[in-house]
Amino acid sequence: MSQPVNKLYEFGAFRLDTAERVLWRDEEVLVLPPKVFDTLLMLVKKEGGVVSKSELMDAIWADAFVEESNLSQNIYTLRRTLGIDEQGKQFIETVPRRGYRFAAPVRALGADEVTTDNEKQTKESFINNAATSLAAESPASSLNSSSLAHTTNDPQAFATPQTLPSSSAPEGEVRPRSALPYALWAGLGVLILSALGFGIYRFASRRVDRSESRIAPIEQLRIQRLTDSGDVVYPTISPDGKWLAYVRLEEEQGSLWVKQIATGSSVQTLPPSSKGYGSLAFSPDGSYLFFREESDGGAIYQTSVFGSTPKKVADSVWSGFSFSPDGKQVAFVRRDAGRNAHLLMLSNTDGSGERELCTRQSPQDYRGNPAWSPDGATLVVAAGREQQISPKLVTIDVSTGKEIELKTPQWRAVSRVLWMPSGKHLIVAAREINEPSSQLWMIAYPDGEVRRLTNDLEAYFWISLSADGRMLVTRQQKIISHLWLLPDGDIKKARQLTFGGRNLDGYVGLAWLPDGRILFSALGGHITDLHSMNANGDNRVEMTSNAGQDNTYPTVSRDGRYIVFTSNRSGTGQIWRMDIDGRNQKQLTFGEQQSERAQSAALSPDGTEVFFIKRGPGPAAIWKVSIEGGPPVPVSRLTNATTEGFVSISPDGRWLAYRHVSTQPEARSEIPTMRIGVLPTHGNADPKLFDLSMRRPLVQWSANSASFDYSAGTFNSSSLLRQPLAGGESQKLLDFPDRVFSFAWAPDGKSLVVARGKQQGDALLITNLP
């Protein structure tokens with residue numbers, strides 16, 4: 001593209017500088033690749049007008065022949081960078097069959113308008129005051145013109161529309177010239193410089209004051225990487241700050257390690273275990289390490305810091321946990337499926353004295369870890385509605401169980417919260433509503449003033465503090481998911497279809513369209529939309545643009561008419577339908593109460609009915625609704641169990657597969673498993689149950705309806721297995737060298753598309769906290 005004129009465009013919190021070719025978000029510079037910048041500039045300059053794809057392609061790649069997928073990738077990158085506006089809408093809209101338009105109001109600024117209105121007022125005020133002061137000064141205070149010339153490198157800096165009166169002295173006569181005019185202009189120049197300097201200072205001061213109200217001075221933090229293996233989870237610092245405990249996700253299983261921070265020497269304290277080591281915590285005196293089994297409802301165990309036979313402390317634990325300051329009690333969350341409730345529990349560390357402090361009935365829940373205040377009187381924990389965004393932090397009085405909601409930002413998710421030793425601040429790992437990843441925050445207690453501790457593209461979900469609060473350890477995490485095509489299901493023929501350093505393609509949804517195209521979920525900024533593309537990876541099209549924050553888990557009708565999926569665009573997760581080309585999007589479920597949600601849609605083979613999981617005040621169950629909409633009706637009638645995770649219908653229309661969760665205590669196997677239930681589609685029979693070592697609750701039926709496939713594996717590799725409906729051992733189909741997040745067989749059963757990638761994490765030490 002040709003070099004644009006020196007001009008700025010403002011929209012939302014952004015400023016696009018065409019001269020420097022940079023994008024600003026408030027005071028932060030966002031670096032865009034040249035072609036991505038050109039794409040944004042063309043859309044912004046149209047100020048709401050539609051720009052066709054051909055127009056964009058011809059202008060941006062004028063001297064090259066490229067596929068349209070390059071443009072789609074540019075739009076994807078921009079949406080991920082810009083996020084959503086104040087009304088929750090995307091900045092760039094897709095106009096079907098026409099192109100794209102920039103939806104936000106744009107203000108174009110000329111080069112002379114760069115200065116803010118406040119700065120202009122400040123300068124004008126100082127100039128007026130300077131002129132008034134100079135009028136009263138005597139000639140003795142003047143400066144000569146040579147002195148004035150050295151005050152600036154720009155001779156136009158002090159230009160004025162006024163002219164000096166000319167002298168009419170006779171030729172040859174030398175008349176003394178008054179120094180006053182020079183003094184006036186010289187002094188005025190100096191004061192203008194002062195005004196400009198002071199204005200800039202005030203402007204910078206306002207920026208600092210404004211940012212410090214919510215953002216900590218990140219430059220004062222000191223960050224040190226404690227591990228570099230990429231396979232570390234739950235890094236936890238000892239109370240005295242000398243030791244780091246962590247779990248390494250080795251090839252087969254996780255093992256427990258302890259590292260001396262000063263010397264860097266490490267030792268394995270517990271060997272690899274199939275049950276896993278999660279949610280590590282030191283006892284307040286630093287003598288013991290505690291951990292929880294990785295599976296939901298796992299037990300908490302105690303061991304010595306350098307390894308000993310683990311001792312069980314508590315059972316049926318569904319969260320992280322924390323200790324009272326005196327080390328005598330532990331707090332955790334338990335899920336009671338029979339009561340359809342989340343319980344906040346207290347127990348003595350020797351396993352005795354367990355009591356229920358408070359309860360949240362479904363759809364209300366507790367999530368993450370409860371954290372004990374330094375005085376032992378209060379717990380803080382994240383709470384909200386199940387499967388819903390925007391959780392809040394609540395404090396709970398340990399003596400009475402009374403809840404008080406804290407003032408917090410609008411967060412999409414909260415993964416962990418801790419108290420600072422003073423009791424006046426909280427450290428929180430949370431994802432802001434309009435950001436793509438979880439970051440670290442400091443919140444003043446109880447007034448809720450927020451400061452930001454991290455601000456980058458990585459994610460932070462785990463935090464641990466030393467007893468004095470001067471050392472914070474966190475896990476920096478990155479998950480990458482790309483799509484791969486396996487013709488004939490042959491791993492040797494695997495071909496990568498999507499690329500990028502931060503993609504989550506197919507992570508929450510993957511399917512085939514009748515014409516052989518692939519339908520998949522993709523994260524752009526903080527929004528998950530559904531996209532389609534050809535089986536060779538080109539001609540990528542966004543199907544659900546400008547439609548809420550999460551559009552996930554699509555399923556396609558065999559007759560090629562409809563796509564059904566889950567979306568939260570109406571405020572709660574519900575089932576939606578759209579035409580096969582993305583048009584005519586229609587909501588199918590609504591919920592009789594605001595607390596009811598629908599998820600995990602599956603279409604009957606004839607395309608007339610949509611089966612889904614309904615969640616609300618009662619136990620979760622499978623329901624169905626007409627593809628045309630209308631009142632839903634229940635399907636599953638389970639005893640002492642609920643349905644969760646997913647619904648999958650066999651091709652012959654006879655069977656429903658789902659995750660089966662018992663509401664009664666069950667014996668736990670040595671190797672963690674997930675229970676899959678299979679029901680007749682009419683629901684009037686006991687389910688067939690399969691305990692499988694699955695990684696994610698997701699299955700797909702084989703073409704003959706005699707078996708279903710699922711993924712399993714270790715921490716660093718995966719396998720695809722097939723389970724016969726008649727029972728017996730699963731058969732291994734494929735091995736993958738990385739993690740499989742989702743998969744889908746083509747309708748003819750020949751080609752396989754897989755969302756696969758890796759999860760990396762290491763421990764960071766942050767000191768010099770504000």
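What you see below is based on every heavy atom in this structure, not just the backbone, and it leaves out hydrogens, waters and symmetry mates.
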Visitor: Would you check if the distance from the ring center of Trp462 to the ring center of Tyr246 is below 6.0 Å?
Guide: no
Visitor: Would you mind reporting whether Ser229 and Asp762 have side-chain heavy atoms less than 4.5 Å apart?
Guide: yes
Visitor: Side chain of Thr236, backbone of Ala281: donor and acceptor closer than 3.5 Å?
Guide: no
Visitor: Considering all heavy atoms of both residues, which atom of Leu465 and which atom of Met420 are nearest to each other, and what is their separation?
Guide: CD1-SD, 3.8 Å
Visitor: Closest heavy-atom contact between Asp315 and Ala299?
Guide: OD1-CB, 3.7 Å
Visitor: Is there a donor-acceptor pair under 3.5 Å between the side chain of Arg334 and the backbone N or O of Met345?
Guide: no
Visitor: Determine whether a donor-acceptor pair (N or O, by modelled atom type, separation under 3.5 Å) exists between the side chain of Asn551 and the backbone of Thr528.
Guide: yes
Visitor: Can a donor-acceptor pair be found, under 3.5 Å and without considering hydrogens, that links the side chain of Trp419 to the backbone of Ala371?
Guide: yes
Visitor: If we ignore hydrogens and angles and just use 3.5 Å, is the side chain of Arg475 paired with the main-chain N or O of Val232 as donor and acceptor?
Guide: yes
Visitor: Evaluate side-chain contact (heavy atoms from CB on, under 4.5 Å) for Leu426 paired with Leu393, printing each intermediate quantity in order.
Guide: CA-CA 10 Å; Leu426 302 168; Leu393 295 180; 4.2 Å; yes
Visitor: Salt bridge between Arg225 and Asp228, side-chain N to carboxylate O under 4.0 Å?
Guide: no
Visitor: Quick one: does Arg416's side chain have a donor or acceptor within less than 3.5 Å of a partner on Ile463's backbone?
Guide: yes
Visitor: Looking only at the aromatic ring of each residue, does the gap between the centers of Trp318 and Tyr366 stay below 6.0 angstrom?
Guide: no
Visitor: Is the side chain of Ser322 donor-acceptor paired with the backbone N or O of Pro370 at a distance under 3.5 Å, no angle test?
Guide: yes
Visitor: Please tell me if the side chains of Leu765 and Thr767 come closer than 4.5 Å, counting only heavy atoms from C-beta onward.
Guide: yes
Visitor: Could you tell me if the side chain of Met442 sits less than 4.5 Å from the side chain of Leu472, heavy atoms only?
Guide: no
Visitor: Side-chain contact test, heavy atoms from C-beta onward, threshold under 4.5 Å: evaluate it for Tyr301 versus Lys311 and give yes or no.
Guide: no
Visitor: For the residue pair Phe323 and Phe290, is the inter-centroid distance of their aromatic rings smaller than 6.0 Å?
Guide: yes
Visitor: For residues Pro271 and Ser255, determine if any side-chain heavy atom of one lies less than 4.5 Å from a side-chain heavy atom of the other.
Guide: no
Visitor: Taking the six-membered ring where the residue is Trp, are the ring centres of Phe321 and Phe332 under 6.0 Å apart?
Guide: no
Visitor: If we count only N and O atoms by modelled type, under 3.5 Å, do the side chains of Gln599 and Thr566 hold a donor and an acceptor together?
Guide: no
Visitor: If you apply the rule side-chain contact (heavy atoms from CB on, under 4.5 Å), what do you find for Trp441 with Thr408, and how did you get there?
Guide: CA-CA 11 Å; Trp441 310 79; Thr408 58; over 6 Å; no
Visitor: Applying side-chain contact (heavy atoms from CB on, under 4.5 Å) to His342 and Gln364, what does each step give before you reach the verdict?
Guide: CA-CA 8 Å; His342 286 75; Gln364 300 289 332; over 6 Å; no
Visitor: Give a yes or no answer on whether the side chain of Ser437 reaches the backbone of Glu458 with a donor-acceptor pair at less than 3.5 Å.
Guide: yes
Visitor: Testing Thr303, Thr269, Leu270 one by one against Ser308 for a side-chain contact (heavy atoms from CB on, under 4.5 Å), which residue passes?
Guide: Thr303
Visitor: What pair of heavy atoms forms the shortest contact from Gly368 to Ser319, and how long is it?
Guide: O-CB, 3.2 Å
Visitor: Main chain of Ser481, side chain of Asn503: is a donor-acceptor contact present, judged purely on distance under 3.5 Å?
Guide: no
Visitor: Assess the residue pair Trp411 and Val428 against the criterion (side-chain contact (heavy atoms from CB on, under 4.5 Å)); give the C-alpha distance rounded to whole Å, side-chain angles, the decisive distance to 0.1 Å, and a yes or no.
Guide: CA-CA 11 Å; Trp411 280 323; Val428 184; 4.0 Å; yes
Visitor: Are more than 12 heavy atoms, taken from residues, nucleotides or ligands other than Lys242, located less than 6.0 Å from that residue's NZ atom?
Guide: no
Visitor: Are the side chain of Ser415 and the backbone N or O of Phe461 linked by a donor-acceptor pair below 3.5 Å?
Guide: yes
Visitor: Within a 6.0 Å radius of atom CZ on Arg470, are there more than 12 heavy atoms belonging to other residues, nucleotides or ligands?
Guide: no
Visitor: Drop me the distance from Leu226's CG to Gln476's CD, to the nearest 0.5 angstrom.
Guide: 11.5 Å
Visitor: Please name the pair of heavy atoms, one in Asp365 and one in Arg360, separated by the smallest distance, quoted to 0.1 Å.
Guide: O-CD, 3.3 Å
Visitor: Any side-chain heavy-atom pair from Tyr445 and Val380 closer than 4.5 angstrom?
Guide: no
Visitor: Are the side chains of Leu23 and Leu82 in contact, using a 4.5 Å heavy-atom criterion?
Guide: yes
Visitor: Could you tell me whether the side chain of Phe282 reaches within less than 4.5 Å of the side chain of Leu289, counting heavy atoms only?
Guide: yes
